[in-house]
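What follows is a single structure, written as structure tokens, with notes after it.
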2 protein chains.
Amino acid sequence: MAFSKGPQAARITSTDVARAAGVSRATVSFVLNGTSTARISEETRSRVLAAADELGYVPHAAARSLRAGRSDLILLPAAVSATGRLFSDWVDDMETALGERGYTVVLHGNRSPDPVTAARAWAQLRPAAVLAMAPNSLTAEAVQVLAQAGTTAVLTIAPEPMPGVFTLLGDQSDIGRVAAEHLVSRGRRRIGVLMPTERGLSAFAEPRLAGIQRVATVHGATVTPLPMPYGGEAASALAVLCRELGLDAVFGYNDEYAALLSAALNDHGVDVPGQIAVVGADDLLLAQIVRPQLTSVRYRLPAADLIADTVDSLINRGTAEPLPSVWFEPVPRQSS
Amino acid sequence: MAFSKGPQAARITSTDVARAAGVSRATVSFVLNGTSTARISEETRSRVLAAADELGYVPHAAARSLRAGRSDLILLPAAVSATGRLFSDWVDDMETALGERGYTVVLHGNRSPDPVTAARAWAQLRPAAVLAMAPNSLTAEAVQVLAQAGTTAVLTIAPEPMPGVFTLLGDQSDIGRVAAEHLVSRGRRRIGVLMPTERGLSAFAEPRLAGIQRVATVHGATVTPLPMPYGGEAASALAVLCRELGLDAVFGYNDEYAALLSAALNDHGVDVPGQIAVVGADDLLLAQIVRPQLTSVRYRLPAADLIADTVDSLINRGTAEPLPSVWFEPVPRQSS
DNA sequence: CTGAAAGCGCTAACAC
DNA sequence: GTGTTAGCGCTTTCAG
């Protein structure tokens, strides 16, 4: 496709609007922001609005927040690809809820090697709030970086409260714990744990593994970590390995990986759950689609509206009421 | 969890760095941006760098781009939840590829009723580029809004070139066409078309339906649109309806919806593909996991690196070489 | 009720 | 080589 740039369109600023409406820039600002300290006549008001509309004026967010000293940007660090449907639906709801409260939500795919580097990248944008939902995405130093950039509304999920951060109490290792307790109660003792090799997922996978190991130790079960990239051949190879190792159960990291492995086991003539039980996590619809239907671990976050109110309060008052913990429960189905 | 705001951290600006290093703000700027017009002594350079590091200085992106008249922000309007794995992997690759080229990629979940409103929301951020990959997310007027905001690097996918926009040639209706041709060649004549009711998806679903209708008309097949929300009960109800309507094939919108329906058909004793053939789209791994394995339509986008180069060229030179079209092909499996 | 004026933090001519 | 200076587009006192 041939493509060449059209003529550069004129850049419209509030000065242009002011000139067109025959008022000062200050008046334009008052009208457009509905500032109540200044009373603007209805006639002036509509003239300004008409001029802005006519010229196709769009305010410059950067200039606005630079001057105002606050921004309406909320940063949600998350790699889309590392996002199951459960979380992405929640993100969607958060965007809606925060949008209704006047914020601009933006997802920032996080390619940083460590929390401080990541925090620096976020801090450049001077967001009003950062919602760091991935485990271990924050350290004290990272929080400090954000604070120095003026972002004091920081929210995260962690096993215990982090200083200076609004912490949603929740522990990924509980997912492992719940899954392991379920498997052990079903008599399984040789548990494999699928570890996805995709970047960004080990932060979730490691604690899940740890949770399983804790339960296993108590009940004298063995735990074997099984690295696996998301793909059919890898799953097939791993299915063979599972049989060779004589495992009687696999925790599949989440439903997607678990379903992949379960199908591969099936292809290799391994009966699920007869020979090997498989448990996933996230309780995606996928778990109900596949056969055998997949046992899963569901987690629930507080409702988006509740969290949005919290974030809003954090931004405006610097403090917020505690929220209920993140909460995990097993959903037994055919695969275990 | 109780939470209260800690002490407000001091805001560090380049002035602070300059003072700490005993130089002017200009010198700080030169050092930090590696501006080559000014020669800075190695000694000054390292003193500035040390001071910046010491103070934990993070540049203010808004101030920077306000002054420089250009931003390194690239906006990718996309609702995470409306994103299949195929697309989200591509997004991930784009973030990496553009990140390597010095850009900050940000996803903007698009809750706007129309393209112009959406464009206005994007334009507020004055991005260097907008990658509007969802069909029909752009109109001439929306492009105009972006151009007035200084965003001339706009990329989209559309059936034919849009003026002022770098258009990746590709037509969602081809997905429907490919699917319908496949079904017709297998002797199917009573085709149902699953239409997801989730917001944001009709832009994809409508053209796919249109593509199917075109093929059906030619071959004397009937087409029945079947609205369905993403969920187990809805799928179940629809399975019953499919049987009642005497359909012999269903195009499932994409693999996720198709798999859901296929499982529901199975639950209701309908043989797939014996009685009803099911075809998905996107060729997700899911299609290989489910039984019967799902026939799908795969599409391929040009490689992320290629598109990143195009975007870079669009930003810096205002023009770019044509790219290969988006490309669709059927992937026959057991379900049809 | 409206306008003049002072910056927010930063960059890039242009001086020295 | 390094510093001075003039803004980028906007908000917000403070006068009138």
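Lettering of chains follows the sequences in order, A, B, ..., and the numbering in each one begins at 1.
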inquiry  = D:dT12, OP1 or OP2 - any side-chain N/O from A:Arg70 closer than 4.0 Å?
reply    = yes
Interatomic distance, B:Phe30 CZ vs C:dA13 P [rounded to whole Å] = 9 Å
query = From B:Thr167 OG1 over to B:Leu155 CG, what is the distance, rounded to the nearest 0.5 angstrom?
reply = 8.0 Å
inquiry  = Once salt bridge (charged side-chain N to carboxylate O under 4.0 Å, His left out) is applied, do any residues pair with B:Arg45, and if so which ones, sequence neighbours excluded?
reply    = B:Glu42
message = B:Glu43: which residues meet the side chain to side chain donor-acceptor pair (under 3.5 Å) condition with it, sequence neighbours left out?
response = B:Arg47
key: Distance below 4.0 Å between A:Thr27 side-chain N/O and C:dG3 OP1 or OP2   = yes
query = When you look at A:Ser24 and A:Thr27, which way does the side-chain hydrogen bond (donor to acceptor under 3.5 Å, both in side chains) test go after all the steps?
reply = CA-CA 5 Å; A:Ser24 75; A:Thr27 305; 3.2 Å; yes
query = Under the salt bridge (charged side-chain N to carboxylate O under 4.0 Å, His left out) test, which residues partner A:Asp72, sequence neighbours left out?
reply = none
ask   = Roughly how many Å is it from CG in B:Asp72 to C1' in C:dT11, rounded to a whole number?
value = 14 Å
Between the protein and nucleotides 5-8 of chain D, list the N/O to N/O atom pairs that are separated by less than 3.5 angstrom.
unit_1: D:dA6; atom_1: N3; unit_2: B:Arg67; atom_2: NH1; d: 3.4
unit_1: D:dG7; atom_1: N2; unit_2: B:Arg67; atom_2: NE; d: 3.2
unit_1: D:dG7; atom_1: N2; unit_2: B:Arg67; atom_2: NH1; d: 3.1
unit_1: D:dG7; atom_1: N3; unit_2: B:Arg67; atom_2: NH1; d: 2.8
unit_1: D:dC8; atom_1: O2; unit_2: B:Arg67; atom_2: N; d: 3.0

DNA chain C base-pair string [pairs: Watson-Crick or G-U under 3.5 Å; |: paired with another strand] = ||||||||||||||||
inquiry  = Using a heavy-atom cut-off of 4.0 Å across all strands, would you classify A:Arg126 as base, sugar-phosphate, or nothing?
reply    = nothing
note = With sequence neighbours left out, the residues meeting side-chain contact (heavy atoms from CB on, under 4.5 Å) with B:Pro115 are B:Thr139, B:Ala142
ask   = Of the nucleotides C:dT11, C:dG9, D:dT4, which has the atom closest to the B:His60 side chain?
value = C:dG9
remark   = Applying side chain to side chain donor-acceptor pair (under 3.5 Å) to B:Gln124 and not counting sequence neighbours gives none
inquiry  = Show every salt bridge (charged side-chain N to carboxylate O under 4.0 Å, His left out) that has at least one partner inside residues 100-122 of chain A, sequence neighbours left out.
reply    = A:Arg101-A:Asp305, A:Arg101-A:Asp309, A:Arg111-B:Asp92, A:Arg111-B:Glu95
ask   = Whole-Å distance between C:dA12 P and B:Leu32 CG?
value = 13 Å
query = For A:Arg19 and C:dG3, what is the distance between atoms CZ and C1' respectively, to the nearest whole Å?
reply = 16 Å
request  = Please list, chain by chain and in numerical order, all residues satisfying side-chain contact (heavy atoms from CB on, under 4.5 Å) with B:Val143, sequence neighbours excluded.
outcome  = B:Leu138, B:Met162, B:Val165
ask   = Does any residue of residues 41-59 of chain A have a heavy atom under 4.0 Å from DNA chain C, and if so, which ones, in number order?
value = A:Ser41, A:Thr44
ask   = For B:Ser46, what residues pass the side-chain contact (heavy atoms from CB on, under 4.5 Å) criterion, not counting sequence neighbours?
value = none
request  = For B:Ala52, enumerate each residue passing the side-chain contact (heavy atoms from CB on, under 4.5 Å) test, keeping only those at least two apart in sequence or located in another chain.
outcome  = B:Val17, B:Tyr57
task = May I ask you to say what A:Val28 touches in the nucleic acid, namely base, sugar-phosphate or nothing, with a heavy-atom cut-off under 4.0 Å?
result = nothing
